Amino acid sequence: VIVRGQPRGGPPPERQINLSNIRAGALARRAVQGQPDTKDTPDEVNINPAQSFFFFILEKYFSYLRGQPRGGPPPERQINLSNIRAGALARRAVQGQPDTKDTPDEPWAFQAREFLRKKVIGKEVYFTVENKTPQGREYGIVFLGKDTSGENIAESLVAEGLATVQPHVFFFFFFSPSDQAKAAKKGQWSEGGGSHTIRDLKYTIENPRNFVDSLHQKPVNAIIEHVRDGSMLRALLLPDYYLVTVMLSGIKCPTFKREADGSETPEPFAAEAKFFTESRLLQRDVQIILESCPNQVILGTILHPNGNITELLLKEGFARCVDWSMAVYTQGAEKLRAAERSAKERKVRIWKDYVAPTANLDQKDRQFVAKVMQVVNADAIVVKLNSGDYKTIHLSSIRPPRLEGENKDKDKRFRPLYDIPYMFEAREFLRKKLIGKKVNVMVDYIRAATSAMETGSIPAFPERTCATVTIGGINIAEALVSKGLATVIRYRQDDDQRSSHYDELLAAEARAIKNGKGLHSKKEVPIHRVADISGETQKAKQFLPFLQRAGRSEAVVEYVFSGSRLKLYMPKETCLITFLLAGIECPRGSRNMPGGMQVAEPYSEEAAIFTKELVLQREVEVEVESMDKAGNFIGWLHIEGVNLSVALVDNALSKVHFTAERSSYYKTLLSAEETARQSKEKLWANYEEKPKEEVAQLTEEKERVAKYRAVYVTEITDGLHFYAQDVETGTKLESLMESMRGEIAAQPPVEGSFAPRRGDFCIAKFADGEWYRARVEKVESPAKVHVFYIDYGNREILSSTRLAALPPAFSTRTLPPQATEYTFAFIQVPQDEDARTDAVDSMVRDIQNTQCLLNVEYSGAVCPHVTLQFTDSKDDVGLGLVKEGLVMVDVRKEKHLQKMVTEYLNGQESAKSARLNIWRYGDFRDDDADEFGYRR
């Protein structure tokens with residue numbers, strides 16, 4: 001300002017007075033006329049009061065502040081607290097400059113920083129700039145809150161004795177706090193000089209791996225001192241003051257690339273990721289779990305009271321999962337994958353252009369249930385879809401065993417299944433687990449087709465569907481890897497075409513390596529010396545007598561050439577043979593002949609598919625009868641009690657060959673062929689049936705009087721006896737069972753406390769988990785006790801641990817056994833096992849667990865002989881068996897039964913004329929006398 005005195009006889013004197021201790025903006029000035037190097041200067045913008053957030057305290061008396069974020073990381077500003085001074089923090093010597101040294105903390109410097117950090121970090125502040133140096137450094141006053149009414153930060157530091165007032169400052173508001181601190185001997189004014197406040201900072205660790213291992217992955221208190229990028233931070237470990245650089249386990253954020261000139265170029269979203277981490281962790285109190293230290297890089301997880309920064313970075317699309325460090329992550333790798341998957345689905349930030357590997361697939365093609373038909377390799381299977389189509393599925397992210405180096409024996413034919421170590425074991429593991437079973441398939445990605453390299457080192461591959469296959473909740477690929485029978489494929493970091501359970505696969509491989517399983521074992525590799533005698537006539541001749549004497553031999557079907565021609569692996573003999581089905585004539589498929597391609601016969605393809613679905617890669621039994629001149633064995637093949645030759649004939653895919661006449665299966669084959677003829681399908685589609693002769697029905701001579709009562713059939717035995725409950729007493733049984741189970745639930749029996757003896761009544765735990773009344777029939781051992789369920793008629797072999805004493809309130813005195821044994825009147829059961837089975841199966845379908853009407857016709861040595869009627873139609877069940885040709889008539893001599901006997905005989909004659917079931921070859925009783933169990 002310019003001031004003037006009083007005018008006395010002329011213009012008064014002028015005087016320029018400058019206001020001390022303050023500074024205001026300069027007014028505009030015009031350029032000096034005639035001096036071209038000067039320019040007009042505008043008004044200096046006054047540095048107005050502003051609001052901001054503290055985000056970083058560099059020293060005790062100057063700090064970094066940030067404004068509000070708007071569309072990206074907000075601008076930063078360094079404010080130095082004016083008019084005060086605090087101790088300087090320790091500084092590390094500049095790397096590469098040997099003349100610089102580490103400088104320790106000044107007394108009370110770290111305490112001042114901590115006071116200021118805890119008071120203002122992350123909080124809203126109001127500041128004014130008082131002065132700005134030519135170098136651009138700004139000095140000002142900072143208040144907590146939205147205006148100057150808040151706490152003065154500098155004043156608080158002075159009041160705590162953590163800062164002193166600059167000598168040239170005469171502001172009265174600093175005097176009182178400073179005097180109070182001196183009087184209270186706080187901070188720098190305390191006695192002792194403050195040497196105890198100087199930290200022993202450790203910038204390096206001699207053996208980082210031992211240091212990390214010594215912490216045993218326990219959380220360590222820390223302060224985040226610096227954020228290099230979103231996933232790389234520098235932390236001060238407390239209370240020992242180790243200053244360490246930590247990389248977040250399992251993830252990687254975009255980074256800042258350092259150029260040749262020293263400048264840094266951020267990758268896309270690098271600045272945003274850094275701000276995301278800074279705004280949440282920088283100079284915050286956290287806990288760090290140091291998890292591993294590969295190659296001197298410390299990996300860890302930072303836990304904040306508000307959450308896990310690793311998961312948050314992934315969820316917000318600021319980071320991607322990293323396989324090599326995912327394995328050491330202790331908080332659950334599946335959480336990281338789920339967070340990354342969420343970001344991908346929302347296409348946020350680094351995933352904005354992401355396209356899922358299965359994006360073009362419908363949901364029904366992405367996840368489905370299918371039946372496994374074949375194991376192609378140790379990493380591929382063929383499945384049958386619900387539509388009936390076949391599809392090859394490759395197990396995601398695994399590689400089957402491979403041969404290291406070249407095949408040394410060039411003269412020997414290379415057979416991968418047997419010559420590659422552990423390939424056979426891997427195939428067998430999958431075969432036994434999967435063949436014929438339904439599996440859940442979840443497609444992970446479609447691997448595009450590749451062309452062969454010109455060098456020939458890499459072959460061409462067609463398009464491959466890669467999926468995670470599970471059965472019973474078990475990931476087949478993971479099980480294979482855990483046994484050391486496959487390895488996990490390593491991918492580029494940006495390659496998302498991988499298994500959805502990739503981390504579990506890596507963990508399984510790590511376990512296999514640790515335990516030395518399979519491919520990772522140090523033992524000698526297994527050798528499979530399998531002789532292939534297919535087409536080797538001389539070898540086959542030598543082998544034939546051995547197989548003929550062996551009777552039924554175990555085998556595995558390795559390949560199906562056609563409906564009746566197969567390749568078998570004989571495990572006991574460790575050889576491969578070609579096997580032809582005996583007794584049938586199967587349609588031939590197309591094949592190359594000297595005169596050209598032979599056209600396939602009708603239904604040859606259907607026959608081959610039928611055989612594949614039934615026996616391919618299944619365990620079977622074979623009976624070798626002979627061999628042909630080409631060295632192929634001929635015989636019978638059985639799978640789970642089914643004769644494949646009979647099955648093909650029964651399904652109208654083959655005809656009976658005349659060579660079957662001398663076989664014990666000839667009658668069964670003829671019966672199957674007759675059934676197929678009647679169906680008029682496939683090979684028999686044009687078959688014309690011969691006219692039948694009708695049998696005159698005999699008239700009944702007199703009426704028959706009978707008293708039928710309602711019963712409930714509960715069990716049918718192999719001898720065509722059956723057990724039934726009286727419907728009248730059914731409610732009593734239900735009431736007794738309900739009461740008994742209630743008592744058992746209230747007082748469960750002690751397992752193993754019951755010692756079973758033959759004839760004892762007890763309670764037995766059935767397969768449905770419920771208890772039923774039973775009687776002990778035989779005790780082989782504590783693990784094998786034969787019991788009979790007295791109220792239902794069925795039998796079972798149980799362990800004694802599933803038996804208990806029968807409570808007295810529910811004994812047979814309270815309610816007698818409800819299952820009564822009966823057999824059919826006027827019926828003779830066939831002695832042939834197959835025919836008897838057919839009759840039993842028919843009864844099971846028709847009357848088991850159904851209500852019928854029963855009448856006792858006459859008594860027998862074992863049980864009453866009865867007739868049974870269907871409740872609704874009143875048709876005679878036994879007579880129906882006779883008419884279907886499933887049983888024969890047992891002729892009774894009693895006069896009052898003759899009408900029934902006549903009716904049954906008429907039904908038998910009808911079945912014989914139609915050649916049904918046991919009569920398919922005519923009346924066989926002409927050749928079978930009474931001594932063989934048949935009587936006319």
Side-chain angles (χ1 to χ4, degrees), residues 92-96 201-238 240-258 264-267 269-270 273-274 276-278 280-282 284 286-304 308-314 318-333 335-337 339-340 350 488 490-495 502-503 506-507 509-510 513-514:
R92 191 178 183 184
V94 180
Q95 299 297 315
L201 267 177
K202 304 171 184 69
Y203 297 106
T204 58
I205 301 173
E206 287 186 7
N207 193 327
R209 179 169 295 179
N210 287 349
F211 175 75
V212 171
D213 293 343
S214 67
L215 297 175
H216 303 292
Q217 296 185 344
K218 294 180 180 178
V220 179
N221 293 327
I223 301 169
I224 303 302
E225 296 290 348
H226 177 64
V227 176
R228 173 70 181 84
D229 56 50
S231 56
M232 181 84 77
L233 310 95
R234 195 156 179 81
L236 181 66
L237 304 185
L238 302 177
D240 297 324
Y241 300 116
Y242 283 101
L243 202 57
V244 298
T245 299
V246 178
M247 180 182 290
L248 294 179
S249 299
I251 68 166
K252 188 177 189 303
C253 291
T255 60
F256 296 82
K257 291 185 178 179
R258 189 175 296 277
E264 290 186 339
T265 303
E267 294 178 350
F269 298 101
K274 179 180 179 181
F276 186 87
T277 302
E278 276 185 345
R280 287 158 176 78
L281 294 186
L282 186 57
R284 304 301 209 284
V286 298
Q287 285 191 318
I288 301 181
I289 300 176
L290 301 183
E291 293 162 329
S292 183
C293 184
N295 301 322
Q296 306 297 307
V297 177
I298 296 178
L299 298 173
T301 298
I302 298 177
L303 304 178
H304 187 274
N308 184 335
I309 192 66
T310 308
E311 294 176 18
L312 289 174
L313 284 165
L314 284 170
F318 286 120
R320 67 174 72 243
C321 289
V322 177
D323 301 328
W324 69 270
S325 64
M326 180 77 76
V328 304
Y329 183 71
T330 57
Q331 305 301 300
K335 295 180 181 178
L336 300 191
R337 293 292 183 191
E340 184 184 57
I350 66 173
V488 182
R490 268 37 180 201
Y491 297 95
R492 298 192 317 272
Q493 197 54 53
D494 59 347
D495 189 352
Y502 189 68
D503 298 313
L506 290 174
E509 186 176 53
I513 293 172
K514 181 179 179 180

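Only a predicted model underlies this, so the values are computations on that prediction, with no experimental measurement involved. Numbers for residues simply follow the sequence, beginning at 1.
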pair L506-M326: side-chain heavy atoms closer than 4.5 Å
no

Shortest non-hydrogen contact from T255 to A270?
O-CB, 3.5 Å

Interatomic distance, CG@D240 vs CG@N221, rounded to 0.5 Å, equals 11.0 Å

Value rounded to 0.5 Å, distance of CG in L238 from CD1 in I223:
4.5 Å

Contact check, side chains of L248 and L233, non-hydrogen atoms, under 4.5 Å
yes

Side chain to side chain contact (heavy atoms under 4.5 Å, CB included) involving A93 - partner list, sequence neighbours excluded:
T100, D102

Side-chain contact, heavy-atom cut-off 4.5 Å: L314 with E340?
yes

Run the side-chain donor-acceptor check on residues 294-304: report pairs under 3.5 Å with partners two or more places apart or on a different chain.
unit_1 : atom_1 : unit_2 : atom_2 : d
T301   : OG1    : E291   : OE1    : 3.1
T301   : OG1    : E291   : OE2    : 2.8
H304   : ND1    : N306   : N      : 3.0

Side chain to side chain contact (heavy atoms under 4.5 Å, CB included) assessment of I309 paired with R280:
CA-CA 8 Å; I309 192 66; R280 287 158 176 78; 4.1 Å; yes

Identify the heavy atoms of L336 and S249 that sit nearest to each other, and give their distance.
CD1-O, 4.3 Å

Applying salt bridge (Lys or Arg N to Asp or Glu O under 4.0 Å), name anything that partners R234, two or more places apart in sequence or on another chain.
none

Nearest 0.5 angstrom please: W324 CH2 to K252 NZ, how far?
10.0 Å

For Y491, the side chain to side chain donor-acceptor pair (under 3.5 Å) test, sequence neighbours excluded, returns S397, Y445

Are the side chains of T204 and R92 in contact, using a 4.5 Å heavy-atom criterion?
yes

For E206, does the CD atom sit with more than 12 other heavy atoms under 6.0 Å from it, leaving out its own atoms?
no

Pairs satisfying salt bridge (charged side-chain N to carboxylate O under 4.0 Å, His left out), at least one member in residues 321-333, at least two apart
D323-R337, D323-R498

Between F318 and I350, what is the shortest heavy-atom contact and its length?
C-CD1, 4.3 Å

For the residue pair L237 and L290, establish whether any side-chain heavy-atom pair is separated by less than 4.5 Å.
yes

For the atom pair OG1 (T330) and CD1 (I289), what is the distance rounded to the nearest 0.5 Å?
4.5 Å

Locate the shortest heavy-atom distance separating K274 from V227; write the atom from each residue and the value.
CE-O, 3.2 Å

Can you tell me how far the NZ atom of K218 sits from the CD atom of Q287, to the nearest 0.5 Å?
13.0 Å

Can you name the nearest heavy-atom pair linking G230 to C253, along with the distance?
C-SG, 3.6 Å

Separation between CG of D229 and OG1 of T277, rounded to the nearest 0.5 Å
8.0 Å

Note: E311 and A339 closest approach over all heavy atoms is O-CB, 3.8 Å

Does NZ or CZ of R258 come closer than 6.0 Å to the centre of the six-membered ring of F256, within 45° of the ring's axis?
no

Side chain to side chain donor-acceptor pair (under 3.5 Å) with Q217: which residues, sequence neighbours excluded?
none

